[in-house]
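One structure below.
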2 protein chains.
Amino acid sequence: MPKEEFKVTPWEVSGEIDYDKLISKFGVEALDSRILSRLKKQTGVLHYFFDRKIFFAHKYFDVILNDIEKGGKFYLYTGRAPSGPVHLGHLVPWIFTKWLQDKFGATLLFQIPDEEKFFFQQNLTLEETKKWAYENILDIIAIGFDPKKTKIFLDTEYAGHMYKHAAMIAKRVTFSTAKALFGFDNSNNLGEIFYTCMQSVPAFLPTFFEKKPTHCLIPCAVDQDVHFRLTRDIAPSIGFPKPATILCRFLPGLTEGGKMSSSVENTAIFTHDSPEQVRNKIMKFAFSGGRDTIAEHRKKGGVPEIDVSYQYLNYFLEDSQKLKQIYQDYKSGKLLTGELKEITIDVINKFLKKHQVAKEKAKSQVERFMMRD
Amino acid sequence: MPKEEFKVTPWEVSGEIDYDKLISKFGVEALDSRILSRLKKQTGVLHYFFDRKIFFAHKYFDVILNDIEKGGKFYLYTGRAPSGPVHLGHLVPWIFTKWLQDKFGATLLFQIPDEEKFFFQQNLTLEETKKWAYENILDIIAIGFDPKKTKIFLDTEYAGHMYKHAAMIAKRVTFSTAKALFGFDNSNNLGEIFYTCMQSVPAFLPTFFEKKPTHCLIPCAVDQDVHFRLTRDIAPSIGFPKPATILCRFLPGLTEGGKMSSSVENTAIFTHDSPEQVRNKIMKFAFSGGRDTIAEHRKKGGVPEIDVSYQYLNYFLEDSQKLKQIYQDYKSGKLLTGELKEITIDVINKFLKKHQVAKEKAKSQVERFMMRD
């Protein structure tokens with residue numbers, strides 16, 4: 001698929017994504033040095049996700065910064081639509097959200113829209129999505145969010161507080177608008193069509209509760225911005241501040257440059273994978289930027305930019321000096337693909353070992369985080 | 001407007017309605033003597049609404065009767081979408097529902113979809129519909145429903161229990177189907193499009209609660225049947241029995257043959273109207289089937305079929321012998337329009353006096369009826 005034909009919607013990501021084009025297509029802004037230096041003034045250090053362009057764009061994050069600089073507060077909102085196990089790609093915005101929570105002491109609303117994938121996937125039941133919801137919540141808690149400042153809720157359980165606000169939004173969105181934003185047609189079901197209203201609600205909830213405008217910052221993958229574009233369009237008409245988004249790229253799948261996805265075979269490393277499974281997946285499937293022969297590799301060097309193992313290090317190896325060294329060694333041909341893969345396997349497995357221990361501990365923590373009524 | 005062009009949707013009723021045509025258009029059945037005699041075997045007497053063709057059609061009421069004849073149970077479901085004060089026309093299905101509850105000791109779910117009119121009327125707020133909801137509930141309770149067997153709920157308050165079931169329905173209805181049933185187009189808002197799913201929910205709720213199929217009978221005005229046609233289409237796919245409807249005509253408005261409506265000026269008698277207001281409205285606006293002069297009236301007689309005062313007696317004068325006499329006297333010219341109006345004013349005012357006393361008493365009863373979580 002040529003670069004022009006890539007597709008990024010909340011329900012489909014395909015083709016080779018041109019993130020610069022997405023910025024102009026979605027009407028968002030690049031996270032430039034000016035805004036990052038303003039952030040750094042507040043946080044002391046910046047998360048390595050910025051340097052590595054993993055978080056690369058935003059909308060109205062400058063407004064949040066204006067507020068912060070005046071001593072104001074904001075809250076965080078992100079989410080997870082359950083339909084299967086959590087993979088490494090899902091963790092990226094959550095890790096970043098935790099960083100923001102730590103730096104600003106911000107309250108976090110964590111939405112689990114357990115009806116979303118039910119609407120969009122023919123054979124999925126609400127019982128299944130709910131089962132996955134509670135399984136996935138363990139992964140969320142394992143990230144280390146502050147239980148005193150984090151509220152997790154399922155749409156089907158918390159709807160008593162959400163539906164009336166979703167109705168406020170629904171009244172202000174025509175089918176015409178939803179068609180243009182999401183590409184709906186006559187064959188979409190009424191759940192798919194209405195769902196975006198439920199995703200808008202947490203972008204306003206504290207304002208409803210506290211009866212005063214409260215700024216919302218939503219860290220998420222770039223495909224979700226379309227929902228909040230709709231939210232932002234409506235916000236002024238209900239007298240609420242427009243939610244800000246801060247947007248990340250997709251972690252690549254093992255075999256291709258697209259998006260790590262549970263539904264595409266051999267592209268995902270799950271948080272429940274054993275060290276052996278991680279080793280096998282990376283060794284067998286991780287697309288390599290290395291050369292065909294060792295001799296050629298030593299001579300021409302590898303291409304880290306297209307090498308999936310290297311990309312995973314870009315996301316999960318915190319030590320930037322070490323990463324730089326690996327980049328140089330791989331590019332020069334000093335480091336072979338097999339060696340690069342060993343490093344990646346080691347980094348991922350260390351990360352997952354810690355995560356799996358935290359996930360086990362999370363089992364006794366669930367009720368501290370849940371908001372049901 | 002010629003008879004062919006009448007329109008009956010849940011949101012618009014216009015033209016001179018041909019109820020026989022509606023029966024075939026909506027795919028429902030006439031309430032014929034065979035089904036009524038089966039009902040009479042159960043109830044001893046029949047409500048006068050049957051004789052007078054006020055309740056005139058049904059869908060699957062025969063299935064409810066099959067159940068009853070085998071000693072089975074059913075529950076009742078009806079509703080009221082609040083946006084203003086209750087008028088006489090609203091009371092007709094409620095009066096009939098109370099009769100069924102009394103005769104069969106049936107549980108009644110009374111839905112107050114306080115979001116419906118909010119979606120469909122530009123300037124209405126959710127605060128206003130909720131205010132009207134609680135005002136209208138007094139009228140509902142005044143009808144005399146059994147507080148032990150009647151549960152009243154607002155959609156925005158009870159959504160915690162409804163949304164997940166609405167989602168089950170929403171997944172199974174395409175926009176294409178909703179367009180065909182309700183006449184939606186691109187300009188409809190997402191609330192209008194989704195709303196029918198919420199109206200379907202009470203047709204299944206006890207089945208969800210009790211985890212066994214429970215038959216539902218919905219007494220309502222004929223314009224509401226379209227929602228339940230959708231519900232019936234979906235029921236088998238979620239393993240639930242199809243809800244039955246038993247359908248009534250519209251009480252005519254004062255000035256015309258259509259439907260009594262709060263939004264059309266001078267057509268409605270409200271339950272809060274004083275005896276003087278009722279007198280003025282009927283005297284001034286009630287369309288007369290009488291002749292232009294007394295002499296002509298005495299000679300040719302009046303036309304009760306088109307006389308709105310007479311129609312009101314048809315709905316509210318219980319004494320069928322007396323009604324028959326009035327019909328004959330009016331048709332023969334013995335009874336003048338002014339005299340007929342006096343009788344009607346007297347019947348309506350007696351009815352409203354009793355209703356207003358019951359409504360006042362209802363103020364202390366609300367919590368006995370409400371179901372919130």
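Residue numbers begin at 1 in each chain, while the letters A, B, ... track the order of the sequences.
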Quiz prompt | Value rounded to 0.5 Å, distance of CE in Met168(B) from OG1 in Thr125(A) | solution = 8.5 Å
Exercise. Please round to the nearest 0.5 Å and tell me the distance separating atom CG of Asn186(B) and atom OG1 of Thr174(A).
Key: 7.5 Å
Let me know if [X] has heavy atoms under 4.5 Å from chain A in its side chain, its backbone, both or neither.
X: Glu157(B); answer: neither
X: Ala178(B); answer: side chain
X: Glu192(B); answer: neither
X: Met162(B); answer: neither

Where is the tightest heavy-atom contact between [X] and [Y], given as atom of each residue plus distance?
X: Leu126(B); Y: Lys164(A); result: CD1-O, 3.4 Å
X: Lys171(B); Y: Gln122(A); result: NZ-O, 3.1 Å
X: Phe119(B); Y: Ala170(A); result: CE2-CB, 4.0 Å

Quiz item: Are Ile193(B) and Leu190(A) close enough, and set up right, to give a side-chain contact (heavy atoms from CB on, under 4.5 Å), and what steps lead you there?
Solution: CA-CA 7 Å; Ile193(B) 294 167; Leu190(A) 304 193; 3.6 Å; yes
Quiz item: Does the separation of the ring centres of Phe175(B) and Phe175(A) fall below 6.0 angstrom?
Solution: yes
Chain B contact via [X] - which portion, at a heavy-atom distance below 4.5 Å:
X: Gln121(A); value: backbone
X: Thr177(A); value: neither
X: Phe120(A); value: neither
X: Asp114(A); value: neither

Exercise. Just say parallel, tilted or perpendicular for the rings of Phe194(B) and Tyr163(A), cut-offs at 30° and 60°.
Key: tilted
Exercise. Report the C-alpha distance between Asn189(A) and Arg172(B) in whole Å, list the side-chain angles of each, state the deciding distance to 0.1 Å, and finish with yes or no for side-chain contact (heavy atoms from CB on, under 4.5 Å).
Key: CA-CA 7 Å; Asn189(A) 69 53; Arg172(B) 290 166 173 87; over 6 Å; no
